[in-house]
Amino acid sequence: MDGAHDMGGTQGFGKVEPEVNEPVFHGEWERRMLGLTLAMARPGQWNIDMSRYARENRSPRDYLNRSYYEVWLGGLETLMHERGLLSREELDGGKALLPRKDVPVLKPEDVDAMLRRGGPTERKIDVPARFKVGDRVRAKVMAPTTHTRLPRYVRGHVGIVELLHGAHVFPDSNAMGRGEAPQWLYTVRFDGRELWGDDGDPDVTVSVDAWDSYLEPVS
Amino acid sequence: MSGHDHDHHDGHGHHHDHDHSELSETELRVRALESILVEKGYVDPAALDELIQTYETKVGPRNGARVIAKAWNDPAYYARLLKDATPAIAELGYEGRQGEHIVAVVNTPDTHNMVVCTLCSCYPWSVLGLPPVWYKAAPYRSKAVRDPRGVLDDFGVALPQQTKIKVWDSFAMSWCRCAPTAPRGGARSNSPISSPATA
C-alpha cells in the first residue's frame, strides 16, 4: 500500500538528529512493548510480513503521529484483534472478556532458541533466475492496495542488477496469508539522476532489494 | 520520561503541547496490555523478561565490533565475511532474528556506503542490536535515498566531493558497513560499525 511508511524521498521532515549515548529504550513502556511484540508472535502465529503490514496499514496522520514503538503497539493490537486473541474493547476496558484461545505460549527456556532461529526467508525453487548481474531492468509501475516492498520512488525507473540472493519468501503474498510464494530476490542499483532527475546527485547510487515480479526486462 | 523527551527522540522535529498526556496514555495502555495478556495466559512474564534482557545485555553493537576486530586480524576471515557474511558472522555465535541474511560492504577512499530502510526499520539486530531512534525516524528514512550528503552534513561529516556514495535501501537483506582497516594511532570509536550512516 502507498502509505506514510513509504518515506523514501519525502521532503520536509527536517534534520537527522542522532542522540549522544542513546539508551536501548527510552522508558519502561518501550521495553515492555518490544518484549510483548516478540512474545505474542508465538500464540499469534503471524509472520514478519503480516506484522509489517499491520504497522503500516493506518492513515498517514496516525502513522506519523506515533513514535516507533507506538506504531508497534498499534500493529500488535490489530494482529491480536484479527485473530480473536484480544479485542479492542478488552484493551480499552483493561479487562478480559473473550474466552482464552488454546494457543501455544512462549516459555522462558524457548526464548534463546527462538531468537537464534529467527525467520530465515531463503527457499529453494526450481525456476532459474530471470536476470543476471549487469542486466538492465525497470521497476514496474504499480500501486497495490496491500503490502508491498517496492517503494514508490523507484517505480518506473531503470536500474542495473547488482546482486542475486537466491529465492526468498515474497512479502506481498506472505503478508496477506496467501502463502510464501518464494521468488528470486535481486539487489538493483539506480543512479541518483535516474531517480531524481537534475535534482539528483550524479555521484550517488541507490540500491534496493527487489523481488522478481517487481521487475521487467529493458532491452 | 517527559513529553519533551518523547517528542525529541521521536524525531518529529516539532513539539506538541499535549505530548505529556499522549505519552501517559501510551504508558497506561501498554501496562494494561501486559497485564491482560498475562492474565489470559498468552504471555509468560518470565519469557518477557528474558526477551527484554537479551536485547539489553546480550545483543548489541559489541557483537559487530567483535566481528570486525576479528576481520582486521584475520585476512582469511575478512575474505569469508565479504564473500558470505551470514555464516562468517555465525562463526562467532551471532545469528538469528533480524540477522538471517547479512551482506557486508566496505568503505573505500572512493566510495562511502550508507544503509537505510525507507519502508520500516530493517537492521542487523544480531550484530548491531536494536536500531537507534534516528535510524527509524522520518528524517533519515526520507532523506538518505535522495540527499545522502545532506544526511552526512546533519551528522557533521563532510566527504570530499569526488567520493561516491552508495546507498543501500534494505527490505530483505541486512547490510553491515565495515571499516576496511583498524584505525591507526588508537581507536577512534569503540565500535567500527556502530553507525549505518557515517564512518
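Keep in mind the model is a prediction, meaning the values are calculated, not measured. Every chain is numbered from 1, with letters handed out A, B, ... down the list of sequences.
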Q. Between B:Y55 and A:R31, does a side chain to side chain contact (heavy atoms under 4.5 Å, CB included) hold up when you go through it step by step?
A. CA-CA 9 Å; B:Y55 286 102; A:R31 192 176 273 117; over 6 Å; no
Q: Please report the C-alpha distance between B:H101 and A:E122 in whole Å, then the side-chain angles of each, then the deciding distance to 0.1 Å, and finally whether the side chain to side chain contact (heavy atoms under 4.5 Å, CB included) criterion is met.
A: CA-CA 8 Å; B:H101 306 288; A:E122 189 167 6; 3.7 Å; yes
**Q.** Verdict with reasoning, A:R189 to B:K166, per side chain to side chain contact (heavy atoms under 4.5 Å, CB included)
**A.** CA-CA 9 Å; A:R189 184 180 67 239; B:K166 278 181 76 72; 3.7 Å; yes
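Of the listed residues B:A32, B:A144, B:C120, the one with more heavy-atom pairs under 4.5 angstrom with chain A than any other is B:C120. Ranked by non-hydrogen atom pairs under 4.5 Å with chain A, the options B:Q162, B:Q53, B:K58, B:E56 are led by B:E56.
Between B:D49 and A:R32, at least one side-chain nitrogen of the basic residue sits less than 4.0 Å from a carboxylate oxygen of the acidic one, meeting the salt-bridge criterion.
Within the 4.5 angstrom heavy-atom criterion, only side-chain atoms of A:L34, from C-beta onward, approach chain B. When heavy atoms are compared at a cutoff of 4.5 Å, A:L98 approaches chain B by way of both its backbone and its side chain. Using a 4.5 Å cut-off between heavy atoms, B:I36 touches chain A through its side chain atoms alone. Only the backbone of A:T148 comes within contact range of chain B, judged by heavy atoms closer than 4.5 Å.
Side-chain atoms of B:K40 come within 3.5 Å of backbone atoms of A:L85 as a donor-acceptor pair (strictly under, hydrogens ignored). A distance-only check finds a donor-acceptor pair linking the side chain of B:R141 to the backbone of A:H5 [under 3.5 Å].
Taking all atoms of both residues into account, the shortest heavy-atom contact from A:P108 to B:E50 is O-CG, 3.9 Å. Closest heavy-atom contact between A:G9 and B:R146: O-NH1, 2.8 Å.
Residue B:I52 holds its CD1 atom at 7.0 Å from CG of A:L36, rounded to the nearest 0.5 Å. One finds the CE atom of A:M33 at 10.5 Å from the CZ atom of B:R29 (value rounded to the nearest 0.5 Å).
The side-chain contact (heavy atoms from CB on, under 4.5 Å) test with B:V145 singles out one residue from A:V204, A:V154, A:V206, A:V208, and that residue is A:V206.
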